[in-house]
Amino acid sequence: MAAVSTGQPKADLREPASWRRTKNRITTVLMVLSLVVVIIPLGFVLYTVIAKGASAISWSFLTSSIPPSVLPVGIGGIGPAVVGTLEITGLATVMAVPLGILGAIYLNEYGGRGPLARFIGVMADVMTGVPSIVMGLFIYSIWVLHFGYSGLAGAFALGALMLPIVIRSTDEMLRLVPDSLREGSYALGATKARVTLTVVLPAAVGGIVSGALLAVARAAGETAPLLFTILAVTSVNTNVFSGPNTSLPSQIFANASSPYVGAQGRGWGAALTLIAIAFILMIVARVITARFAKYTR
Amino acid sequence: MEEPVQDIVTNLPPLGPAAGQPAGDPVEPATGEVVFHVQNTSIWYSAFKAVTDVSLTMYEREITAFIGPSGCGKTTVLRTLNRLNDLVAGARVEGQVNYRGQSLYAKDVSPIAVRRRIGMVFQKPNPFPKSIYDNVAWGCRVLGMKDNMDERVERALTQAALFDEVKDRLKASGLSLSGGQQQRLCIARAIAVEPDVVLMDEPASALDPIATQAIEQLMHQLKSEYTFLIVTHNMQQAARVADMTAFFSISRGGEGERWGELIEYDATEKIFTAPSDKRTEDYVTGRFG
Amino acid sequence: MSTVTQDHQAAPPSALSQRRPLGDRSFQTLALAAGLLVLVILVLIAVSTSQQASSWFSHEGTKIFSKTWNPAAGQFGALSFIYGTAITALIAIVLSVPVSLGIALLLTEVVPRRWSRPIVSVIDLLAVVPSVVWGLWGILVFAPWIQHIYASIGSGVTGVPVLGPLFGAPTSGASFFTAGIILAFMITPIITSLSREVIATVPSIDREGAYALGATRLEMIRGVVMPHSQGGIVGAVLLGLGRAMGETIAVALVIGASATITPHLFAPGYNMPSVIANEFGEATGVFRAGLMGLGVLLFVFTIILNVVARWIVARSARRGRGA
């Protein structure tokens, strides 16, 4: 202890039992509790989906045609829905991702601080908040009424949903690319288009791809935009451009309200498939970010 | 950049304790109470040893300065004294750190109780985004010192030599003040809770010379009520203000590791006129640092 | 709501060049077109859906906000759906905001860096569960289970003045409250991550100032973190509210599909997106126009909410930097 002090210790540094300390403790407990409150239902949902869905899943389940609802699990499957999801989401991705990247390029490389670019930026953010069902109604109004139900219409709706998400995430990635990279290239005499395409985009590609994958995962799980655009049928349609179609979320929606156990079972199987797809996309996005994103926040 | 040692000495303000003490003895202050007793203390950040084997004793109602080149651990040691280093993940303290006879790092010690008695003013003024009045009053309210708040605020602001400048606009935001005023507001905030010690981490480094002078005058005026510890990279400031000075520097190990280390601790005048260690002399005369 | 503020206006020096190459100019035009597409889509949404809904507006006139929705009798008052949207969103916010803030603060103030990764992953996982899966689980598993809980609460509060009518005995698990709970799960990730972004911008030196005075963590949060972040958090909550209002499928499955206005939270109800989802397929004429009109209302509400939310966030970010 101290060698030189003369008096008694003047200060008691042990905690006095005080209301302040108790309040602090209670708060910490509440914070942890809020995490628990969230983990429990999440765990429950995942557990249920896996438990109930696993018994339905098999290769034939994923490829067989959709049987009448009354038939039990084991007969038939959700093949058309898998095909539909792949086609429609794929088409939506092909449309929305390039446009989204171009839009972000405009915001970041050309528009800058100008009023138009700022307005578009704000509106792109606002657009991410538009309910997905409104996107479905929108495509219904301007396309389906004239050209009928089709996977293409569904892809338009999903694409409209994905566009602002891709713009926003790509924009963030482009901002992180340092200016010195651009300036070095301009100093060599390259045009802005060339610099953007061959220098800036590759530098940000990890983050851009990862952001796009997350948008795809979101779109694959959406039901509402497809309600009035693809007219969920039960037969497979490999022509995504014409004729009604179906998708995993659409089938799950239909089966969830069915009174038949068989249909419900298929619904769980489809749910497991959907969650697996979304999960895989999320993991791949993470891996890409970790290994290829050169500039992170 | 650095003044020759002779000029520093002739420009020194009169010091409290008598100058010319024999080398090695800390100055015997009037009251003799030990405030801090640090013994063989090393500070680690996870596996990295930041500061090694520091030992010194500080007495109440004195102003002690920590000087040394950047990266020598003086701020680390300072923050160890009010347990603010706890906020850094992986920070660990070995050895004795005693405050008035009690170990600061004993198991049942509450950092909150420690910080109430050992206050701190930071390098960059950090007033709360509240009114001037609330800035000063906040600490008091939180610590339960709620009576006569107006008087407490006025007293703290007066001691910080700020009251006259702001008495007409106590409701204005603390952020609307100039840098020097903000720092005095932070000092007022710190002394409003009636601490025993005030630690100051380069309090004037972000301020202009006039504001700096105001802060130094403050320290002299308040010396009778609080014990001050100031980290500064400005040697002349240490010479102007401190009774005792501790010189820290960077030592290197055999395999290229670096640690901060206390080189010499003595009366200020001795450090600047007749340092015992050559490294101290090199730093103080401007040969390096 | 990115906190990175740099944008890049570097451009190639043009003193020596004549007209820019065609490829360069067309690329810029393409990029501009892609950007404008956002505005075009938003305008088209507004125009096309309003047009489809016009027969409803003209049919009902001012009665679009009336209480009665009875397609068979040709009455299409939207109030019960607006009420349902408001109630379920409100329940979702009341349940979700304390939890989201708790988790955000846990991540920023309590948990050391190393441990925050797994917690953030849990939140991300919560966000990735599709709406329809929440609905499937909600109606097949959650609703039957919670019905028992409602029943116990209901029997416990019969006769009690305010609580009785609110929490009376249920008829089934599908109700306003169930929808609210599921919505709360769904909006928690957004509110948590946005709040966390905002709280993370509080400079650590400000936190240290409070701690240095001897404040506890709770006191520091109340004195420093909250005042600094409150604008951003309000914005985050509003965005969560918008999401709760627009969420369709999960709600459609668990809300009970009954167009009523009642304070009884355990009763089946309906809200705007769910009635559209459930009834649009078979609706014709004015009925269909009415549903479309509900979509228009939904669009307008969420756009307004979003714009206000972002304005609040921007204003508080300005305040924090400047004042």
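We name chains A, B, ... by the order of the sequence lines, and we start the count at 1 in each one.
Ranked by heavy-atom pairs under 4.5 Å with chain C, the first of A:I142, A:L231, A:V130, A:V49 is A:V130. Contact count versus chain C (heavy atoms, under 4.5 Å) is highest, among A:V195, A:L137, A:T27, A:T28, for A:L137. With chain A as partner, the option from C:L140, C:V122, C:L101 having the largest number of non-hydrogen pairs under 4.5 angstrom is C:L140. Taking chain A as the reference chain and counting heavy-atom pairs below 4.5 Å, the highest number among C:G281, C:P98, C:G102 is found for C:G102. Counting heavy-atom pairs under 4.5 Å between each of C:V128, C:I221, C:I139, C:V47 and chain A puts C:V128 at the top. The most heavy-atom pairs under 4.5 Å with chain C, out of A:P41, A:A104, A:A271, A:A117, come from A:P41. Between chain C and the residues A:V134, A:I133, A:N255, A:L145, the most heavy-atom pairs under 4.5 angstrom are made by A:I133. Each of A:M135, A:R218, A:E222, A:Q264 has some count of heavy-atom pairs under 4.5 Å with chain C, and the biggest count is that of A:Q264. Put simply, of C:I103, C:L37, C:L39, the one with the most heavy-atom pairs under 4.5 Å next to chain A is C:I103. Highest contact tally toward chain C, considering only A:L197, A:L214, A:L281, A:I26, is held by A:L197 [criterion: heavy-atom pairs under 4.5 Å]. Looking only at heavy-atom pairs under 4.5 Å with chain A, the residue among C:L125, C:L105, C:V141 that has the most is C:L125.
For C:A127, no part lies under 4.5 angstrom from a heavy atom of chain A. Contact of C:T302 with chain A is made through the side chain alone, with heavy-atom distances under 4.5 Å. With a threshold of 4.5 angstrom between heavy atoms, A:F228 approaches chain C through side-chain atoms but not through N, CA, C or O. With a threshold of 4.5 angstrom between heavy atoms, A:Y140 approaches chain C through side-chain atoms but not through N, CA, C or O. Of the atoms belonging to A:M123, heavy atoms from both backbone and side chain fall under 4.5 Å from chain C. Only the side chain of A:L227 comes within contact range of chain C, with heavy atoms under 4.5 Å apart. Contact annotation for C:L107: neither backbone nor side-chain heavy atoms come within less than 4.5 Å of a heavy atom of chain A. Only the side chain of C:L42 comes within less than 4.5 Å of a heavy atom in chain A; its backbone stays farther off. For a residue to count as touching a neighbouring chain, one of its non-hydrogen atoms must lie under 4.5 Å from one of that chain's; by this rule C:L136 touches chain A with backbone and side chain alike. With a 4.5 Å cut-off on non-hydrogen atoms, C:E219 touches chain A through its side chain but not through its backbone. In this structure, the portion of A:I167 lying under 4.5 Å from any heavy atom of chain C is its side chain and not its backbone. Of the two parts of C:L305, neither the backbone nor the side chain holds a non-hydrogen atom closer than 4.5 Å to a non-hydrogen atom of chain A. Heavy-atom distances place the side chain of A:L274, and not its backbone, under 4.5 Å from chain C. With a 4.5 angstrom heavy-atom cutoff, A:S185 does not touch chain C via any of its atoms. Heavy atoms of C:S48 lying under 4.5 Å from chain A belong to its backbone as well as its side chain. For A:P164, no part lies under 4.5 angstrom from a heavy atom of chain C. Contacts between A:I139 and chain C at a heavy-atom distance below 4.5 Å are absent for every atom of the residue.
Aromatic ring orientation, C:W145 versus C:F142: tilted (interplanar angle from 30° to 60°). Between C:F185 and C:W134, the ring planes are parallel. Angles under 30° get that label, and only those over 60° would be called perpendicular.
For the residue pair A:R194 and A:Y186, no side-chain donor N or O sits within less than 3.5 Å of a side-chain acceptor on the partner. Looking at A:S169 and A:E172, their side chains never bring a donor and an acceptor atom within 3.5 Å of each other. Side-chain polar atoms of A:S141 and C:Q51 form no donor-acceptor pair below 3.5 angstrom. Remark: the C:T29 side chain and the C:S26 side chain contain no N/O donor-acceptor pair separated by less than 3.5 Å. No donor-acceptor contact under 3.5 angstrom links the side chains of C:D124 and C:S121, judged on distance only. Checking C:T192 against C:T188 by side-chain atom types alone, no donor-acceptor pair falls below 3.5 Å.
Side-chain N or O atoms of A:T85 include one that pairs as donor or acceptor with a backbone N or O of A:L248 at under 3.5 Å. Between the side chain of C:D24 and the backbone N or O of A:T191, no donor-acceptor pair lies under 3.5 Å. For C:R243 (side chain) and C:I187 (main-chain N/O), no donor-acceptor pair under 3.5 Å exists by modelled atom type. Side chain of A:N108 to backbone of A:D171: a donor-acceptor contact under 3.5 angstrom is found. A donor-acceptor contact shorter than 3.5 Å is absent between the side chain of C:R217 and the backbone of C:V110.
Ring centroids of A:F156 and A:F138 are separated by 6.0 Å or more, keeping the two rings apart.
Nearest heavy atom pair, residue C:A236 against residue C:S195, reads CB-OG, 3.9 Å. Scanning both residues, C:I146 and C:T178, for their nearest heavy atoms gives CG2-OG1, 4.1 Å.
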